[in-house]
Structures are given as structure tokens and as C-alpha cells.
Amino acid sequence: QVQLVESGGGLVQAGGSLRLSCAASGGTFSDYVMGWFRQAPGKEREFIAAISWSGIRTYYADSVKGRFTISRDNAKNMVYLEMNSLKPEDTADYHCAAKFASASGTIWSPDDYIKWGPGTQVTVSS
């Protein structure tokens with residue numbers, strides 16, 4: 001199965017931008033829907049965005065719609081999350097996750113994803 005590792009997190013001022021990357025290895029990357037989730041201290045893991053195996057379809061949480069963009073490069077086994085107009089409430093650990101495109105379930109429930117990266121920390125200062 002696919003293994004995932006995120007990168008690109010850091011400290012940024014409110015209004016700034018960051019680009020997160022998620023590198024996949026093992027498995028067939030195009031077999032998977034890819035998602036980004038975040039988890040702030042003391043809070044539940046929250047769906048942010050997902051992208052279909054082909055990259056044609058994208059899905060966003062209302063809290064990030066218009067500010068974040070998810071994309072993937074199947075030739076490079078990479079998925080990205082471009083984050084603009086960052087707010088202090090975007091501060092969290094960000095995780096990429098994979099679910100088989102052929103599997104049932106939703107794209108927004110963490111329980112439907114089978115592989116997770118360890119996460120990358122994003123801190124937005126006010």
C-alpha cells in the first residue's frame with residue numbers, strides 16, 4: 001500500500017501563503033483519492049480538501065473554499081495543497097490521506113481513508 005509523507009509546513013503571518021506537499025511511495029498512486037485533513041489541539045480531525053484519482057474533481061470544506069487549492073501530479077506521485085489568505089484559525093497539523101477510488105464511503109470522513117501521513121505543522125500568527 002501507499003506510504004505518505006507531508007512537507008511544507010511552517011510559521012506564517014496572517015494573510016500569507018504556504019504550499020504543502022505530500023509524497024506518495026508504494027502502490028499505484030492513481031488508484032487513490034487523496035485528501036487533506038487538519039487537526040488542531042483539542043479538536044477533531046477536520047476535512048479540508050480532496051481530489052479524485054484523475055485530478056478532475058476537487059472538493060473543499062466551506063472553511064477553506066476560495067482560499068485553498070488541492071492538486072495532484074500522478075507522474076510524480078505528489079499531491080499539493082496551496083493555502084492563501086491564511087488565518088490564525090488555520091493553525092493545525094495538516095495530514096494527507098489516501099482512500100481507494102473504488103471504495104465506498106465519503107471523501108470527507110477520516111474513517112474512510114486507509115493511509116495517513118505523519119503530518120506537517122502549520123502555524124499562522126496574527
Side-chain angles (χ1 to χ4, degrees):
Q1 285 186 338
V2 67
Q3 302 296 319
L4 305 172
V5 178
E6 304 91 342
S7 61
L11 174 64
V12 63
Q13 288 188 333
S17 299
L18 281 175
R19 188 195 197 205
L20 304 184
S21 299
C22 174
S25 60
T28 301
F29 186 59
S30 58
D31 283 348
Y32 299 93
V33 167
M34 297 300 298
W36 283 98
F37 292 76
R38 67 187 180 190
Q39 188 165 19
K43 293 189 176 181
E44 297 288 322
R45 190 163 288 191
E46 176 190 12
F47 169 77
I48 297 300
I51 188 166
S52 64
W53 68 269
S54 64
I56 292 176
R57 296 181 181 177
T58 56
Y59 311 84
Y60 297 95
D62 287 343
S63 58
V64 305
K65 199 172 293 183
R67 300 189 297 124
F68 291 11
T69 303
I70 188 171
S71 61
R72 68 189 294 164
D73 185 337
N74 285 351
K76 295 182 179 180
N77 289 359
M78 296 290 295
V79 63
Y80 306 99
L81 186 68
E82 186 76 34
M83 305 187 296
N84 298 313
S85 302
L86 283 162
K87 305 173 182 180
E89 51 263 43
D90 294 319
T91 295
D93 283 330
Y94 283 70
H95 299 262
C96 65
K99 69 183 293 289
F100 281 116
S102 58
S104 60
T106 71
I107 52 90
W108 59 81
S109 172
D111 293 339
D112 291 328
Y113 287 76
I114 59 169
K115 295 297 290 187
W116 292 83
T120 186
Q121 173 70 40
V122 172
T123 302
V124 184
S125 63
S126 57

#### Entry: Closest approach of Ser63 to Glu46 (non-hydrogen atoms, all atoms of both residues)
OG-OE2, 3.4 Å

### Message
What's the separation between atom CG in Leu11 and atom CD in Gln121, rounded to the nearest 0.5 Å?
### Response
9.5 Å

### Query
What closest approach, in Å, do Ser21 and Met78 show between heavy atoms, and which atom pair accounts for it?
CB-CE, 3.7 Å

### Summary
Students should find that the hydrophobic cluster of Val12, defined by side-chain heavy atoms under 4.5 Å apart, otherwise consists of Val2, Leu4, Leu18, Leu20, Phe29, Tyr32, Met34, Trp36, Ile48, Ile51, Tyr60, Val64, Phe68, Ile70, Val79, Leu81, Met83, Leu86, Tyr94, Phe100, Ile114, Val122, Val124

#### Entry: Side-chain donor-acceptor contact under 3.5 Å, Asn74 with Ser30
no

### Task
Could you tell me which residues satisfy side chain to side chain donor-acceptor pair (under 3.5 Å) with Ser54, sequence neighbours excluded, listed by chain and number?
Ser52

### Task
Compare every heavy atom of Ala40 with every heavy atom of Ala92, then report the nearest pair and how far apart it is.
CB-N, 3.8 Å

## Note on the structure
Here the disulfide (SG to SG under 2.5 Å) pairs for residues 35-126, sequence neighbours left out, are Cys22-Cys96

### Query
With distance as the sole test, does Thr106 use its side chain to make a donor-acceptor pair with the main-chain N or O of Ser109 at under 3.5 Å?
yes

### Linked hydrophobic residues, Val33 as query - side chain contacts closer than 4.5 Å
Phe37, Phe47, Tyr59, Ile107, Trp108, Tyr113, Trp116

#### Entry: Sidechain-backbone polar pair: Glu6 side chain, Gly119 backbone, donor-acceptor under 3.5 Å
yes

### Query
Quick one: are Thr120 and Ser7 in side-chain contact, heavy atoms under 4.5 Å?
no

### Query
salt bridge (Lys or Arg N to Asp or Glu O under 4.0 Å): which pairs involve residues 89-107, sequence neighbours left out?
Arg38-Asp90, Arg67-Asp90

### Results of salt bridge (charged side-chain N to carboxylate O under 4.0 Å, His left out) for Asp111 - residues two or more places apart only
none

### Query
If every non-hydrogen atom of Ser17 is compared with every non-hydrogen atom of Ser85, which pair is closest and at what distance?
OG-N, 4.4 Å

### Message
Show the nearest heavy-atom pair for residues Ser126 and Ala14, with the distance to one decimal.
### Response
CA-CB, 4.3 Å

### Query
Would you call Tyr80 and Glu82 a side-chain contact if the rule is heavy atoms closer than 4.5 Å?
no

